[in-house]
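Inspection log for the structure reproduced underneath, given as structure tokens.
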Amino acid sequence: MIYIKDLKNHVGETVTLKGWLFNKRSSGKVKFLILRDGTGYLQCVVFKGNVTPEVFELADHMGQETSFEITGKIKEEPRAIGGYEMDAVDLQVIGKSENYPITPKEHGVEFLIDHRHLWVRSRKQYAVLKIRHRIVKAIRDFFDERDFTLFDGPIITPNASEGTSTLFETPYFDLGKAYLTQSSQLYAEAGAMAFGKVYTFGPTFRAEKSKTRRHLTEFWMVEPEMAFYDLDDDMDLAEEFLEYIVQTVLEDRKEELKILERDTTKLESVVRPFPRISYDDAVKILHENGRDFEWGDDFGAPDEATISNQFDRPVMVHRYPAEVKAFYMKRDPENPKLALAVDVLAPEGYGEIIGGSQREDDYDTLVDRIKEHDLPLDFFQWYLDLRRYGSVPHSGFGLGLERTVAWICGIEHLREAIPFPRLIYRNTP
RNA sequence: UCCGCGUUAGCUCAAUGGUAGAGCAUUCGGCUGUUAACCGAAGGGUUGUAGGUUCAAGUCCUACACGCGGAGCCA
């Protein structure tokens with residue numbers, strides 16, 4: 001099987017390619033069929049004199065997205081998309097396509113999501129999902145090369161790590177209710193005590209009634225967890241990690257970034273060191289920019305945008321008021337009102353892409369925190385075991401895959417960053 | 001849950017309260033180098049639903065449904 005991406009090795013040869021009709025133009029006795037095969041696009045030229053009358057007639061009646069097999073000689077052609085072109089001598093339809101809904105003109109969001117199963121064939125969606133795949137591979141490579149062990153958490157969980165209000169619920173045989181995971185972090189902590197450095201990578205589920213371009217009910221998250229790392233070590237890793245992902249995509253997915261018309265200078269500046277500012281500094285920035293903000297609150301989306309707009313690369317905001325953060329985060333020994341937490345805010349208003357912290361490693365303190373948050377102590381006995389048997393300082397963070405994809409691709413909405421988005425009012429197709 | 005905007009041809013959108021149109025798609029015709037090709041023609045509508053005001057409603061009013069954007073919450 002020969003694919004379009006490999007045509008540079010077949011110049012001058014007569015080859016047979018298989019794919020779908022992306023677009024078609026004609027001019028009297030010459031027809032241009034744009035073939036799409038999942039690896040690229042190729043303009044196939046059908047001259048009336050080069051093919052049988054039947055084939056020429058057939059070329060005229062193929063609808064958009066018809067699947068077909070075409071044979072012809074490959075030549076270099078700077079005028080054509082991709083730089084190569086085929087002079088066709090034969091053509092065969094594999095599966096016909098009539099009245100394909102997604103035409104080469106503009107469409108609205110609702111229509112496109114209704115046809116998501118077809119929309120992924122479009123050039124821009126194709127580019128986004130190719131980049132998503134490269135990001136996933138970069139994530140795995142990064143941790144694998146640094147001696148992290150993949151240690152996935154369960155999807156079905158018995159309890160909430162931070163309360164049950166935002167969880168999807170499902171009946172579970174005689175045990176009553178179970179929930180879909182909203183984070184594998186607690187399980188990753190168990191892994192870190194076994195393997196030293198681990199990461200989990202999988203889908204997570206949030207039943208939050210968020211109806212914005214930055215939210216999905218099902219999204220993918222990668223969560224590294226490291227024994228003997230403090231908050232500074234955690235931030236060092238997060239910054240190296242983001243630089244690696246962005247620079248890898250810049251290097252490896254130039255073609256796709258071009259299709260997306262991404263301003264790559266905004267990505268080229270994503271190199272270490274990233275600015276690190278405390279929550280207090282961030283509040284100062286908000287006040288200097290005329291925002292009404294009270295110390296102790298968590299940042300809203302417009303606040304995050306104001307902060308991240310001060311910098312040309314991701315900014316790490318650390319040491320948040322403990323009250324707005326999760327129970328498992330360790331307090332700052334120098335100021336017990338603060339949690340040793342860090343959020344990484346992406347540039348260009350893409351918001352929080354990483355949330356992390358140093359974890360509470362003291363048994364008694366953790367028990368107090370669980371009680372303060374009115375969480376059921378019974379459920380956390382296994383988690384407390386990690387503090388009973390050889391507890392160590394440890395840290396980790398979670399990176400939202402779709403937000404990272406959206407940021408790197410420069411797309412408006414998270415729904416385009418995953419093949420089949422799940423939103424509060426949509427679970428089809 | 002709250003706030004704002006929207007719903008007209010298969011799609012994207014027009015239409016002072018007065019005969020519902022255009023581009024794309026489709027079908028037919030023309031063109032030997034097109035790049036979202038172009039040119040000509042044809043078909044295609046219970047204007048989201050239910051009421052109301054008016055001589056007259058796509059347009060004004062009310063309710064509902066659905067969609068989009070945002071807030072809160074979060075990755």
Side-chain angles (χ1 to χ4, degrees), chain A residues 22-34 41-50 56 60-61 63-65 77-83 85 87 97-115 118-119 122-124 161-163 165-167 181-185 203-223 238 297-305 324-326 342-346 350-356 397-407 412-415 417-418 423-426:
Chain A
F22 185 70
N23 200 2
K24 174 178 74 175
R25 291 179 283 272
S26 75
S27 177
K29 300 193 172 55
V30 59
K31 299 189 189 307
F32 301 92
L33 307 179
I34 309 299
Y41 302 86
L42 177 70
Q43 174 157 281
C44 303
V45 187
V46 184
F47 273 109
K48 194 169 188 178
N50 292 354
F56 192 74
D60 215 15
H61 288 89
Q64 196 187 345
E65 289 302 318
E77 174 52 76
R79 283 178 292 183
I81 182 176
E85 191 175 79
D87 273 326
S97 169
E98 288 164 0
N99 292 312
Y100 184 70
I102 304 179
T103 62
K105 281 277 178 176
E106 285 168 27
H107 298 280
V109 165
E110 187 188 358
F111 179 80
L112 288 170
I113 303 204
D114 280 342
H115 295 84
L118 302 176
W119 191 21
S122 301
R123 219 159 125 78
K124 191 175 160 184
S161 60
E162 297 161 47
S165 63
T166 60
L167 289 173
T181 182
Q182 62 174 1
S183 164
S184 290
Q185 183 213 306
T204 53
F205 308 87
R206 304 266 170 104
E208 291 156 5
K209 292 204 166 180
S210 299
K211 208 167 105 54
T212 82
R213 72 182 77 175
R214 298 181 313 281
H215 291 88
L216 299 170
T217 55
E218 176 180 331
F219 65 99
W220 284 62
M221 189 152 67
V222 56
E223 295 173 284
D297 289 343
D298 205 353
F299 302 127
D303 302 317
E304 289 183 355
V324 301
K325 289 294 181 184
V342 58
D343 283 356
V344 183
L345 307 179
Y350 280 93
E352 184 185 341
I353 49 171
I354 280 182
F397 61 81
L399 171 101
L401 177 63
E402 286 74 18
R403 284 190 183 175
T404 305
V405 171
W407 163 47
E412 287 278 301
H413 202 301
L414 245 47
R415 66 186 155 222
I418 185 168
L423 302 153
I424 173 167
Y425 290 125
R426 172 179 295 273

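This structure is a prediction, so every number in the text was calculated from the model and none was measured. Sequence lines set the chain letters: A, B, ... in the order given, protein chains first and strands last, and positions in each chain run from 1.
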Scan every strand shown for a Watson-Crick or G-U wobble partner of [N], both distances under 3.5 Å, and answer none if you come up empty.
| N | result |
| --- | --- |
| rG67(B) | rC5(B) |
| rG23(B) | rC11(B) |
| rC31(B) | none |
| rU54(B) | none |
| rU46(B) | none |

With heavy-atom distances below 4.5 Å as the criterion, would you say the side chains of Ile102(A) and Trp119(A) are in contact?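 Yes, their side chains come closer than 4.5 Å.
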
Got Asp60(A) and Lys31(A) here, is their nearest side-chain heavy-atom distance under 4.5 Å?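 Yes - at least one pair of side-chain heavy atoms lies under 4.5 Å apart.
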
To the closest 0.5 Å, what do you measure between CZ (Arg25(A)) and CG (Leu33(A))?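 That separation rounds to 10.0 Å.
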
At what distance, to the nearest 0.5 angstrom, does OG1 of Thr217(A) lie from CD of Gln182(A)?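 Nearest 0.5 Å value for the OG1-CD distance: 13.0 Å.
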
Ignoring hydrogens and angles, answer whether the base of [N] and the side-chain atoms of [X] contain a donor-acceptor pair closer than 3.5 Å.
| X | N | answer |
| --- | --- | --- |
| Glu412(A) | rG69(B) | no |
| Arg403(A) | rC74(B) | yes |
| Gln43(A) | rU34(B) | yes |

His61(A): partners by ring pair (Phe, Tyr, Trp, His ring centres under 6.0 Å), with sequence neighbours left out: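 So His61(A) forms no ring pair (Phe, Tyr, Trp, His ring centres under 6.0 Å) with any residue.
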
Please enumerate all residues that pass ring pair (Phe, Tyr, Trp, His ring centres under 6.0 Å) together with Tyr100(A), with sequence neighbours excluded.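 For Tyr100(A), no residue satisfies ring pair (Phe, Tyr, Trp, His ring centres under 6.0 Å) once neighbours in sequence are set aside.
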
Ring-on-base stacking rG33(B) with Phe32(A) (under 5.5 Å, under 30°):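 Phe32(A) vs rG33(B): stacking no.
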
Between rA71(B), rU1(B), rA75(B), which one does the side chain of Thr212(A) approach most closely?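 Looking only at side-chain atoms, Thr212(A) lies closest to rA71(B).
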
Within the sub-3.5 Å range, which N or O atoms of nucleotides 2-11 of chain B have a protein N or O partner, and how far apart are they?
from	atom 1	to	atom 2	distance (Å)
rC11(B)	O2'	Glu106(A)	O	3.3
rC11(B)	O2'	His107(A)	ND1	2.4

